[in-house]
Amino acid sequence: MTPDWPEMTLAFGRIGVLSFGGPAAQIALMHHELVEERGWLDEDTFLRGLGFCTLLPGPEAMQLATYAGWRLRGTAGGLLAGLLFVLPGALVMVALSALYLGYGRLPLVEAAFLGIKAAALAIVAGALWKLRAKALKGPLALAIATSAFVALFFFAVPFWIVLGSALVLGFAVPSGKAGSMPPPAQAGTLRTIVTWLAIWWLPLLTVLWLAPGSVPAQAGLFFSWLATVSFGGAYAVLAALAQTAVETNGWLRPDQMVDGLGLAETTPGPLILVTLFTGWLGGAQVSVGTAIATALVTLWATFTPCFLWIFAGAPHLERLTANPRLRGALDMVSAAVAGVIANLSVWFAVHILFTDVRNSSPPVPLPGSLDGRALMLALLAFVWLLVLKRGLPETLALAALAGAALFLFV
């Protein structure tokens, strides 16, 4: 079915505002809203789109929202969905960055966000339970998902090797019969690429021309580069981000980088919004105006390429999946993505429930570091959301209030 624009705006606005908890929770939320509740996408289309977006550089959840919007209402729908996914979190991140610079860490706000992060564990748990039956069709898919999880979590195998192996195996195991193949759209694809390259780079080249060597100009070049190499999500590029922002450009201190990551993990939207924090602090060394300009350039350079990848590649997805071998490859990637989501979920849970975790593969919580508050909040959210079947906005609000109350009164 094709929803009207008010319905689209309401649905994707809701997703953008409630998209806490990293990609695992965000993908679960989109599946619930778009497949289960509204029936706008069928299961195969959603999972195929998820596999496709995971192969692209950039935040897979934001690109999945853009892909879903494109499937429903074309380019305008993709723009609406992608922007609504990013902008609420971007506004929150800019506000928190300004507050952080003015007042430092805010314990009460952090306590409320701890409740939201704990609630995200319940969202992820419910999502994984549903995903097991929908993405893992057969023993081979289950073996692929399990192998992906073990490789990522226990052995820190690079993300591209995991997905590349799933692709190769999928080519060797065709899925179904050959379907009717839509005609190629090469002229349209070339036009799309040229258009979005111009949209992406003309504003940045203007900044480079008007203010060469400035913080906004540096941000435009660096975050555009980061957007093209960020395969595997935000965690895969954090080292490059930290090295450039802290060591090379001196925009912020190492402890501030850690605080920025914590803020990004607790706000709605993709984790890569931590780039806004680094851009704001770098620009604020010059002036408030430069901080605003750098944040805007950072936002543009980080997320505009995502629209290019989706609008240029998505029209070919149906054509590619008409081929049994290519369809098998994407099916195996979808199975591997289940393992990727499980890895992100366990990593997320360990770092929320424990205050001191050894940075290793797998991450090992140190004895005595269990955070009793986080455990209580996670159990509260689990009962409220999954046992009592209450709504997601209500669960997030309750968890935030409970986190603040624990800070004030316990």
Side-chain angles (χ1 to χ4, degrees), residues 22-23 56-63 86 89-90 92-94 96-98 100-101 105 156 158-160 197 200-267 269-309 344 347 351 359:
L56 301 174
E60 63 269 35
M62 180 267 181
Q63 292 176 150
V86 168
V92 172
M93 179 57 74
V94 167
L96 290 176
S97 299
Y100 175 88
L101 204 57
R105 301 181 67 173
F159 178 84
W160 65 269
L197 281 174
W200 175 8
W201 277 103
L202 285 178
L204 300 182
L205 291 174
T206 302
V207 173
L208 290 169
W209 177 53
L210 294 176
S214 65
V215 177
Q218 293 174 352
L221 289 175
F222 172 64
F223 290 118
S224 291
W225 170 81
L226 200 68
T228 62
V229 300
S230 55
F231 293 93
Y235 289 111
V237 295
L238 284 179
L241 173 60
Q243 182 179 23
T244 300
V246 176
E247 299 175 15
T248 304
N249 294 339
W251 289 344
L252 68 173
R253 302 189 307 270
D255 61 303
Q256 291 176 321
M257 186 70 210
V258 173
D259 291 343
L261 180 59
L263 290 178
E265 286 179 326
T266 53
T267 55
L271 179 62
I272 201 67
L273 283 172
V274 68
T275 56
L276 276 183
F277 179 84
T278 60
W280 182 275
L281 264 65
Q285 294 180 358
V286 180
S287 67
V288 173
T290 305
I292 294 171
T294 306
L296 289 173
V297 168
T298 299
L299 187 67
W300 188 267
T302 300
F303 292 105
T304 303
C306 297
F307 294 108
L308 167 59
W309 315 143
L344 291 172
W347 189 96
H351 284 80
N359 187 19

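In what follows, every heavy atom counts, from backbone to side chain, and hydrogens, waters and symmetry copies are set aside.
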Measuring from Y100:OH to D259:CG, what's the distance to the nearest 0.5 Å? 3.5 Å
Side-chain donor-acceptor distances from residues 207-222 under 3.5 Å, at least two apart:
from, atom 1, to, atom 2, distance (Å)
S214, OG, A211, O, 2.7
S214, OG, A217, N, 3.3

Could you go through the side-chain contact (heavy atoms from CB on, under 4.5 Å) check for F303 and L273 one step at a time? CA-CA 10 Å; F303 292 105; L273 283 172; 3.8 Å; yes
Side chains of N249 and T244, heavy atoms from C-beta outward: is any pair under 4.5 Å? yes
Considering all heavy atoms of both residues, which atom of L263 and which atom of M93 are nearest to each other, and what is their separation? C-CE, 3.7 Å
Just jot down the side chain to side chain contact (heavy atoms under 4.5 Å, CB included) partners of P203, sequence neighbours excluded, or say none. W300
Under 3.5 Å donor-acceptor pairs involving side-chain atoms of residues 276-286, not counting sequence neighbours:
from, atom 1, to, atom 2, distance (Å)
T278, OG1, T275, O, 2.7
Q285, NE2, G250, O, 2.9
Q285, NE2, W251, O, 2.9

When rounded to the nearest 0.5 Å, the distance separating CE of M62 from CZ of F307 is 3.5 Å
Are the side chains of S230 and I272 in touch, meaning some heavy atoms are under 4.5 Å apart? no
Anything under 3.5 Å between a donor and an acceptor, one on a side chain of residues 291-298, the other on a protein residue two or more places apart or in another chain? List them.
from, atom 1, to, atom 2, distance (Å)
T294, OG1, T290, O, 2.7
T298, OG1, T294, O, 2.7

Partner of L299 under side-chain contact (heavy atoms from CB on, under 4.5 Å), picked from T304, V86, V94, is V86
Smallest heavy-atom separation, P57 atom then Q63 atom, equals O-OE1, 2.9 Å
